[in-house]
Amino acid sequence: MRKTAHTLLDYFLLLLLLLSTSLVFPSSSKKSELKNDFVIFQQDKKVTGRVTDTDGIPLGGVTVLEKGTTNGVVTDFDGNFEIVVADERSTLSFSYVGFQTISEEIGNRNSITITMQPDTVALDDLVIIGYSKVSREELTSAVASVNAEQIKDIPVNSAAEAIQGRLAGVRVTTAEGSPGADVEIRVRGGTSITQDNSPLYIVDGIQVENALSILSPQEIESVDVLKDAASTSIYGARGANGVVLITTKGGKPMPTQVNYSGYMGVRKIVNKLAVMNPSEFVNYEYELYNFSGDEQLSNTFTDRYGTYDDLSIYKNIPFQNWQDEVFGRDAFNQTHNLNIQGGSAETTFSLSLNHVEEEGIMLNSGYKRDAANFKFDHKINSKFRFGVNARYSRRKIDGAGTSSTGSQGSNRLRNAVRYQPYTGPGNENFVDEFDPNYATLTNLTSPVLLANNEIQNDYRNDLILNSYFSYDIMKNLTFKSVIGYVQNDRNTNSFNGKVTSVARANADMPVVDLRNSQVRRVTNSNTLNYNWRINSKHRLDLLIGQETVRTDGESERIYVKWLPENISPSEAFASIQRATPPDGQVQDPPTTAVTLDRIISYFGQAHYSYDGKYLATLSVRTDGSSVFDPNYGYATFPSLSLAWNAKKEKFLQDVDWLNNLKLRASYGTSGNNRIEPFLYRTFFNVSSDNGYAFGQSVTPGAAPPEELANPNVKWEKTISKNIGLDFSLFDDRLYGSIDAYITDTDDLLLRAKIPQTSGYDYQYQNSGATQNKGVELVLGGSVVELQDFRWTANFNIATNQNKIVSLGKNTTGEDLDFYLESSGWVNNIRDFKVQVGEPIGQFYGYVTDGFYGIDDFNYDDATQTYALKDGVPSSSAAALGSKGVNPGDLKLKDLNNDGVIGDEDMKVLGNAQPKFYGGLSQQFAYKNFDMSMFFNFSVGNKVYNANKIEFTTQYLYRDNNMLTDVNGRWRNFNDQGQRVVEPTALAALNQNATFWTPPSGQYILHSYAIEDGSFLRLSNITLGYSLPESLLDKMKVFSNFRVYVTANNLFTITGYSGYDPEASTRRSNPLTPGVDYAAYPRSRFILSGVNITF
Amino acid sequence: MKKNIKPGLLAAIIAMIMVCISCDDYIDLDNPSKISEIALYNDVAYTSSAVTAIYAELIGDNGYGNRLSSILPLAADDFETSGDYNCNDRRGISMYEACSSNPELNNPFKQLYSGIERANLCIKNIPNSTVYATGSEDDKAMMNKFLGEALALRAQFYYELIRNWGDVPFHDRPAADLDDIFLAKTDRDTIYDQIITDLGEASDLVPWRTEGNIAPTRLSKGAIKALRARIALARAGYSLRRDPVQMIQGSNAMQYYQIAFDECKAIMAQRGEHDLNPDYEDIFRSIHESRADNTNEIMFEVGAFGGNSKTDSKLGYYNGLRHDRASQWNGGGGINAIPTYFYEFGRNDVRRDVTITFFQVNKDEQEELAAAGSWTDGKFRKSWTDITGPSQNLAVNWPIIRFADVLLMYAEADNEINNGPSAAAILALEEVRLRAYGGDASQIGTTPTGKQDFFNAIVQERLLEFGGESIRKYDLIRWNLINDKIQETKQKLADFMNGTGDYANVPDVIYYKAAGYNPDLSAQEVVQSFDVYYSGNDQSTVYYNPAPDDSPSGYSSVRWRDGVDADYIDSERKGFAQYFEPNRKELLPIYDDILNTNYNLTQDYGY
């Protein structure tokens, strides 16, 4: 049965393709027919003319028709036409897609110039809402849009960056500053607790994962984000987290235009963490080595750094800030775009080529992209349209970066911050030569050496093929079919040279990790659209459709250990067979896996309009997904939205200052199927990881996954309610909209921690519920509109309150109130509290209470020891590795007053959710100068600065440099290097102490690390100059020539002490946002560029 | 024109309808990368893979590859963990003050339960499979063997849990079949009774070593019987109870001594399967060489291979003889011998030099004596493997149970049952002692015949026989001797430091010259090859005679008695078993996260 279905589907796809190609040929015969007509009819009056748009640009391909006849011509590429008509009473009609049709009586003229007005409804204000488009005026749901015009001045390499802060309620954050860093897009906060909260991306009608990271801003015509369930429910099971609809640039009926834009610039690190200089460092180490009084340890210090008296030498040793070495370079960027577009009334095309070379500020990191996009649209006749779009891009992302999803040991920023801040004496070649003893002792490796030893090349090739045809079966009834094929190939080659921890665990020999994967997705949607104008007042648009999305993928991984010690990364990638396992060792076998996903859907939509005044949209979609047990595989998602165009009421028609006033309300459901497949049954994996050595080889074993199967896994369901108001005032000088919403999500799949005594750590359960509430405001307007000076501004601000409503029940039927979650930057830390009634992302830890003072202790003169006074809580177990408490140690608040700092003394320390966020863009034009500024901001979010914890905690390691905060620490040694124990002297020594002794316990979260992450960022400022038209006319080479300079991320106003408040490096788990741990530092990018149109 | 279009459109609409007809199938998929539960157990080869995956949970860093063998079972009067105290690391366990946040406690616990689940899946599904019901006789025999192995492995996992954590949640069905996975603790006696029954069943299902041509890394009938005896003795012995929190002996002890006695007797009747290896060193050489020892004395060992943290071990890299980083071997040193343990051995006991390496291999690959306190567990030596360089995984297997243990368990059970040793029990003990002295009966002394004296002799013999095999701590606990022995050892260490009592003649330092190290020599030959400064004509007396007053020229000195200072015996950072408290520290705390995910699970024992 299944096989038959596939064959039929394949056949169907083939058929459609054949059909598409067969349609191309009749079109040519049609053209010749037209010419014949022209030849046959002999006329009397010859008229010549020229057609331009409002900017005076000639329009080619405009149909010029003598009214009441079949006599017609088409303008040439210069907009010129010549037609012979019957007589002076003849009327010519000029029609062109995207422009209002014009009729002109010829009169006694022999030559006419026509200026065509753009059809605003058709172009600017059309909003794509799923499988159809409506004018903004007819829109009944919450949709945010950005068009090419708004992002054209933003010279950035990814579309995601370009739309950041421009869409109300759409939060775009980049985890860190590395080239090609993951961009997270959240529409209205995200509904799921543990599953993927990414929106669905639809590019020209087909699903493309992470489309905004793949596309360049120059390719994009418009981005429409569907925010409420009334609009997303047409995407049913995939719509719960919003839908991002992207239309790529196509051709226009106009003379062929060649457009080049390019820019070059330099990136530079914005700020660095302040670390101790050599002298401060060595003095700190001196205390560390001598505090315990262990003679052996003291001797180690002397061997390594010299005697105390020698330490003054370090005052004159050059301060080596490794952050400069690793991140200090001027990273060069060049980007080139070439776009050729044009077309006639029947045929339009667009070809874009894009080339990017970007260096990262970190050594060995960078980004390259080559992309080509060809879009072709053809109108075969009045009934048939057909189009293809082919896009291929090849990206290469270099660099292992600084952060990893692993715990502390596998993250790398540490090395650049903590490595000893000087070279020498005796250690001069640390940079080039790996010092094994230093590594064991300190958990550090020379950052420069490491950057040259950890090489990662990530190749991502994306192919998007997309074709459609539409056929007007009868008047107002259109059939449209879209077939898309998306193929994402990814090859990640990682090399771990001999100094890396990976190699150190494998006989100090390099290790290569090769991962390849391919995902292929075939999307086919077929829709029937009927626009029924019942009479002049009533209009009904009906849509029914069917869609299948079929995803297949494979991945493989080859992990090769024991490569020759001095092999270069490229040699290693090119010949992994050079690996020689030591005697008695074998390589891990390669592994492969397959991913499969199928969705089949049926949907319908009805849009009713009464005189453009009262509007209603009803839609329903049923989805079946292979992710679930077939019994739970289907779900239906209905929605309804209403709008009232108040301005069209009589009582408002005379209110001149009000141009538009529309009230919207919607209610809808949608789902989230972005969960791991096959959770519903116990499936076994055969792998050597589950294997056992019966002899001198590993026999692979078959084991269940780490999650316990749950046969009842089903959809996550979202219900959203939205009300909105759109308005426009004072001749559209000020316009805006305001939306308020409540989104309730139920049956959330929680990767519930289950008792590990079951043999599993987790089980997916549909037990959670969340609520998101928010308000979004968009304001735009033309502030100044003078002859020579224009100033327009767009402002948006949004607030979203996220709340966990339910975390399910435990088996005794009680509601689970909270659980603790680990961000995992340290093993064994439980630093997030997931709690009912509270938002996701609550930091959970101790409250910092400064440090212990002398008064907290009883001093025993005989033994020269300090003992905590009764009633003074001891943080020994919590922070000090269970060592005895001494004056100067980190003090934590004893919230439950039991005299000991323990788990019960932890509390919620803040959360990562902003109170509000948004953006302000302003564009200025003065004569030929233009300027734009774009600010984005976020207020009220807290950041968990885990770097600060790590870089001020001693834990197990000595010889690690610290942040300058530690310079203010409690001192136990006087300036002569002698230990001070006696209370009065110790108090005197520490009268100015501002910081505790770096704790010797495991890294813990305490409120010291929670900082306000509010910021205002000037993320883009551009100044441009266009050559005046008069000059261009003389040169006759360019029709437009503009040069500009831009600074991206010019400044950020924030109180945050780390590299950047937007960092969030532990978000592979949605429950742990806002952790700044080992993030790649962000850079400032200054560039200049040129836009040329030929 | 119209001709072209209509059929196309028609075809499209028809195709659309057809796609819909078959849409139920469209979303019902099988993943070729994975095997379903039903398919798995209806195939003998796949079932074999499923059983392999149970074995897999024995090994790796979190199994007997490191934590279960080298970290959790310390310390006792034989060995302790190296390094300074931290409640959150391996040393916290060895010093008997591990915090419940100590990550060493987390993964081993979880891995044992993962093994139990894998075994539960096999135990449920094998008897229900079609192969089991209708397959060929050979297939049925294989499936029976697999079932037996699953039962026995599950028993071993539970035993390991109980001896470290006491009462634990118990389930003998796959987690998916449980009504409630939030299991509270089950009394250990109940679990013991079940797994002792299971092992009885398993020993009927699994053939003897020679019948099944079974490698020592796999369970045979003999191994299962031996494990059953060991677990029966644990059941009969003392353990720390929850209520009251006290060391209390298991109920009906005699019944379990009888089980141990019967099982041991059955094994001892099959000397062709397993026998005492006349060459004590060969036993431990064999686990470095992935082979059975000469007489299959090791009845079951955990296989290690693959050079990774999941299927291989860190034995010999983490623990064992210390080889300097710069030497070709690079490894060892994570476990240190208690200096007085050396002096528990008779001077000619061959086990001493195998069990304790009181030297180290320096960067020039020379042997040099090590200070007391830095001696290591010599049954593991990276230089006994073929692997050199910084490799951490050496494919060294972990011995679970040996024939010598069967003899001593036999003697112990006999002594309990008969209220004094029978002649056979005395013989069994003497057989072990004789082997230690190369068969020289004149050296083994007189075996006591009173019940208590004989018991004491067994306590001592097991110390000498199994040192470094992570048996001692659990033996002492089941005998309720752990506190006594810790206190006794502290006293001995004090005497050792002061050179008083039994240690009056122990040298404070020993003078030696570094000399070339040859790993091909036997353990004893290596000791004899030391270039030490001694008087008289017997090199071996140097460890038993006071050092000369003047240092001989050309020799280096190593702190021998001087290696032990007051800190070593009693200090916050280094003290031997510093934080041990009777009736509390016999068990480990359950890791925080495991408690947090099960509201029915309690910590207990005052943690």
Side-chain angles (χ1 to χ4, degrees), chain A residues 1-2 5 8-9 12 15 19 22 26 471 481 505 507-508 526 546 582-585 593-594 596 598 600 624-626 630 633 678 681-686 689-696 698-703 708-709 753-760 810-811 827-828 877 881-882 1002, chain B residues 1 4 8 11 15-16 18-19 22-23 25-29 31-37 40 46 49-50 52-53 55-56 86-88 101 103 110 113-114 116-118 169 175-176 180-183 215 217-218 290 303-307 310-311 386-387 389-392 395 594 597-599:
Chain A
M1 229 4 230
R2 189 170 302 123
L8 281 173
L9 183 74
F12 174 52
L15 194 73
L19 200 61
S22 69
Y471 175 64
S481 181
D508 284 355
N526 302 293
Q546 169 271 346
D583 278 351
Q585 303 274 35
V594 162
L596 299 165
R598 304 277 184 275
I600 184 160
S625 166
S626 64
F678 302 111
R681 242 184 255 156
T682 302
F683 285 94
F684 291 76
N685 257 325
V686 178
D689 273 358
N690 305 321
Y692 179 71
F694 291 113
Q696 281 187 306
V698 175
T699 308
L708 178 59
K753 273 212 156 174
I754 57 172
Q756 285 115 333
T757 49
S758 64
Y760 304 89
N810 60 34
T811 43
N827 293 322
N828 190 38
S882 294
Q1002 174 65 285
Chain B
M1 275 301 285
N4 284 340
M16 206 165 136
M18 282 177 179
V19 170
S22 52
C23 57
D25 281 345
Y26 189 72
I27 63 164
D28 188 2
L29 297 176
N31 187 335
S33 293
K34 294 175 177 176
I35 312 166
S36 75
E37 194 169 336
L40 189 84
Y46 282 156
S49 297
T52 302
Y55 278 101
N86 184 320
C87 91
N88 278 320
S101 56
K110 281 161 55 176
Y113 271 104
S114 171
I116 287 165
E117 169 69 6
R118 291 178 187 186
D180 181 355
I181 53 173
F182 293 79
L183 297 173
T217 50
R218 190 150 199 161
S290 283
F305 198 75
K310 284 189 170 149
T311 64
D386 291 340
I387 298 171
S391 289
Q392 302 189 356
I594 294 164
T597 51
N598 183 351
Y599 60 92

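Order of the sequence lines sets the chain letters (A, B, ...), proteins ahead of strands, with each chain counted from 1.
Neither the backbone nor the side chain of B:Ile116 comes within contact range of chain A; no heavy atoms are under 4.5 Å apart. For B:Ala215, the part lying under 4.5 angstrom from a heavy atom of chain A is the side chain only. Using a 4.5 Å cut-off between heavy atoms, A:Val698 touches chain B through backbone and side chain atoms alike. Both the backbone and the side chain of A:Leu596 come within contact range of chain B, each with at least one heavy atom under 4.5 Å from a heavy atom of that chain.
B:Tyr55 contributes no side-chain N or O that, together with a main-chain N or O of A:Phe694, makes up a donor-acceptor pair within less than 3.5 Å.
Considering every non-hydrogen atom in both B:Glu117 and A:Gly759, the closest pair reads CB-CA, 3.9 Å. Nearest heavy atom pair, residue B:Thr52 against residue A:Pro700, reads CG2-O, 3.7 Å. The two atoms that bring A:Ser758 and B:Ala175 nearest to each other are O-CB, 3.6 Å, heavy atoms only. The two residues B:Ala53 and A:Ala702 make their nearest non-hydrogen contact at CB-O, 3.2 Å. Listed here is the closest heavy atom pair of A:Gly695 and B:Phe305: O-CB, 4.1 Å. Here the shortest heavy-atom pairing between B:Ala304 and A:Ala693 reads C-CB, 3.8 Å.
Atom-to-atom distance recorded for B:Ile181:CD1 and A:Ile754:CD1 is 4.0 Å, nearest 0.5 angstrom. Note that OG of B:Ser36 and CZ of A:Phe684 are 8.5 Å apart. Values are rounded to the nearest 0.5 Å. In this structure, B:Thr311 OG1 and A:Asp689 CG are separated by 8.0 Å, a value rounded to the nearest 0.5 Å.
Of all the listed residues (A:Gly624, A:Pro755, A:Gly701), the one sharing the greatest number of non-hydrogen pairs under 4.5 Å with chain B is A:Pro755. Among the candidates A:Ala877, A:Ala709, A:Ser625, the residue making the largest number of heavy-atom pairs closer than 4.5 Å to chain B is A:Ser625.
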